[in-house]
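What follows is a single structure, written as structure tokens, with notes after it.
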Amino acid sequence: MIELRNVSKKFANGHVALNNISLNIDNGEFVFLIGSSGAGKSTIIKLLMKEHETDSGKIIVQGKDITKLKRAQIPYLRRSIGVVFQDFRLLPDKTVYENVAFAMEVTEASAKEIRRQVPIVLGMVDLSKKSKQYPHQLSGGEQQRVSIARAMVNGPSILIADEPTGNLDPEMSWEIMKLFNEINLKGTTIIMATHDLNIVNKMKKRVVEVSDGVIVRDEKRGGYFSENQNL
Amino acid sequence: MKIRTSKFFIREGIGSLRKNKTMSAASISSVIAALLVIGIFFIIVLNVDYAASNLESQIEMMVYLQDGLSETIIASMGEELKSVSGVKDVQFISKNQALMDLNEKWGDNAYLLEGLEGDNPLPDSFKVTLINPSEAGSVALSVSSISNIERVVYGKEELNKLLKATYILRVGSLAIIAILIFISVFIISNTIKLTVYARRREISIMKYVGATDQFVRGPFIVEGVLLGLIGSIITTILVAIAYYYSSNFIKNQMIGLLSIELMPMKTVVSSLVLLLTVVGILIGIVGSLLSLRKFIRV
């Protein structure tokens, strides 16, 4: 479970990114985080990843207040959260297999575990046949699937995706969403920031809309626009 | 740290060295440039110090004996002198030997000594060499307490000056080498910073998937060690070749002019290997860590 309690964040330049927001996300939920650019979606993600410090309020992830985490403990938080980015962030000089294995090497997993686990996640994202190829040899959708495999290889309970379909055409985007749905059905909590109204409207998941640093809408099975706007 | 992790560090470190060939070459070049300066300076210091030690060891103490001592007494005095702590060697010079030496020394003017054979005014003496010339004062004191000794003579003033000069030389050169190392670390950390900058993306990805700072540093440290090691090997070879030719040149040019004796090649190279390897690796590691500092905070 993830809980944000009265969280505020102001940047050095004076911009108030988040203004006293509170949000509860249960285990196994699928949440879309929407809102225009600069509304605060990315800030929420960065605070969850502990990339930025929270100014005030509490952020509780799996029962622990991460705002109190020491620097040395941050890596262990990140291992329990998988992340997927809009620009994939794969290492260009490593193969698909190596890119995924890399996330396990970092946790000092044994060679045996790596050899067992990597093929499983590559199978899950349907890239077993391309494990020896390099990122530049793959399509955008395939690259994003590699990054999903990398995010999932350590078996995180939470998957955070920041505009994962932002660089993909609609067809590829749906492949990714199908994958997210499967991952979610297996029990992983998914938080996805997006601008893609088609996806949000068709998936019928929980929608949290952020605007000017505050949560303006939180619907259990929402669309990209609120009901009255849709009319 | 697990063996597996070290293997990963080594694999990644070597891998990135080979992948970023241009930057690696640039870093190695700046290591070589820095080590060349350090190496050449070190060789000069070694040789000056070597010359100074030669001079120091030439400092000898003359122990003049009273006249008319029997051979057995002289022999027992010799034994006694040898047992004084700080004494390296004792050589007896009889009064006849001393006169002959003087004859030889004076050469054309030796006729002045004619007629002295019958009534040789020179005393019997012991020539004492010391283990450590700086102990000459205390050795002289112990020696003068032995009976039947007329006088103990050593170049007190000259010795003190020499000891002071070599001390300043040693401390000063250590300080200069330390400064040179310090400067090199800065130059090299700046070069490595460029390679780190090119790989900041990789570093941030590592941090995102949950790598500890220690883990991110590992491959860079390995890379730094390798850069330093390669740089120091090349520098050692360059400096050794240069020393070989320049010492030959100096020998051929200066012979007869000055009695300069250069350190033997073997000694120079073995201390050079040690110094440059240690300094090279140190520069590589510290340079890597310094340049990583900024990028690891993700």
Side-chain angles (χ1 to χ4, degrees), chain A residues 45-46 48-53 69-85 87-95 98-115 134-135 146-156 158-162, chain B residues 1-27 192 194-223 226-227 288-290 292-298:
Chain A
I45 287 173
K46 282 177 176 155
L48 284 172
M49 295 299 292
K50 203 78 178 135
E51 199 179 327
H52 292 314
E53 292 291 326
L69 271 189
K70 293 212 176 75
R71 213 181 114 67
Q73 293 170 308
I74 297 173
Y76 304 97
L77 166 75
R78 290 183 181 166
R79 289 175 198 180
S80 68
I81 303 176
V83 236
V84 175
F85 300 96
D87 56 355
F88 324 132
R89 301 203 187 168
L90 300 174
L91 296 170
D93 45 26
K94 286 193 186 327
T95 63
E98 287 166 345
N99 261 288
V100 176
F102 188 69
M104 285 189 85
E105 306 263 16
V106 151
T107 66
E108 302 188 41
S110 74
K112 206 173 141 194
E113 279 175 88
I114 293 176
R115 276 199 301 273
Y134 288 88
V146 177
S147 94
I148 294 169
R150 181 182 64 192
M152 294 308 295
V153 75
N154 287 320
I158 300 162
L159 179 65
I160 293 178
D162 194 356
Chain B
M1 191 171 54
K2 292 180 186 171
I3 296 172
R4 217 191 107 54
T5 309
S6 340
K7 272 190 199 155
F8 174 80
F9 287 170
I10 292 167
R11 206 170 64 226
E12 290 287 309
I14 294 174
S16 95
L17 205 67
R18 286 168 55 183
K19 266 176 234 152
N20 310 302
K21 281 195 185 75
T22 327
M23 285 322 295
S24 302
S27 301
I192 298 178
L194 294 174
T195 71
V196 174
Y197 185 75
R199 290 164 62 195
R200 65 196 185 286
R201 195 181 159 80
E202 186 177 338
I203 294 170
S204 80
I205 292 171
M206 286 175 95
K207 295 297 301 269
Y208 268 118
V209 295
T212 58
D213 286 354
Q214 216 43 52
F215 196 88
V216 175
R217 281 189 199 112
F220 284 97
I221 292 177
V222 170
E223 204 179 334
L226 290 175
L227 288 176
S288 285
L289 290 181
L290 274 182
L292 255 183
R293 249 185 349 182
K294 199 173 119 196
F295 299 99
I296 212 163
R297 302 226 155 243
V298 182

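Since this is a predicted model, take the numbers as computed values, not measurements. Residue numbers begin at 1 in each chain, while the letters A, B, ... track the order of the sequences.
B:T5 and A:E108 get closest at one heavy-atom pair: OG1-OE1, 3.0 Å.
Taking the side chain as every heavy atom from C-beta outward, B:T212 and A:Y76 approach each other to under 4.5 Å.
Going from atom OH of B:Y208 over to atom CD1 of A:I160 covers 10.0 Å, rounded to the nearest 0.5 Å. Once rounded to the nearest 0.5 Å, the distance linking NZ of B:K207 with CD1 of A:I74 reads 7.0 Å.
Interface remark: A:A101 contributes no atoms to any contact with chain B (heavy atom separation under 4.5 Å). Only the side chain of A:I114 has a heavy atom closer than 4.5 Å to any heavy atom of chain B. For B:Q214, no part lies near chain A; criterion is any non-hydrogen pair under 4.5 Å. For A:N99, no part sits under 4.5 Å from any heavy atom of chain B, backbone or side chain.
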Evaluate the criterion side-chain contact (heavy atoms from CB on, under 4.5 Å) for residue pair B:D213 and A:R71; output intermediate values, then yes/no.
-> CA-CA 10 Å; B:D213 286 354; A:R71 213 181 114 67; 2.4 Å; yes

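The backbone N or O of B:I205 lies less than 3.5 Å from no partner atom in the side chain of A:R89, so there is not a single donor-acceptor pair. No donor-acceptor pair closer than 3.5 Å links the side chain of A:R78 to the backbone N or O of B:A211.
Under a 4.0 Å N-O distance rule, the pair A:E105/B:K7 does not qualify as a salt bridge. Taking the charged nitrogens against the carboxylate oxygens, B:E202 and A:K94 have no contact shorter than 4.0 Å, which rules out a salt bridge.
With chain B as the partner, the residue from A:V153, A:V83, A:D93, A:L90 showing the most heavy-atom pairs under 4.5 Å is A:D93.
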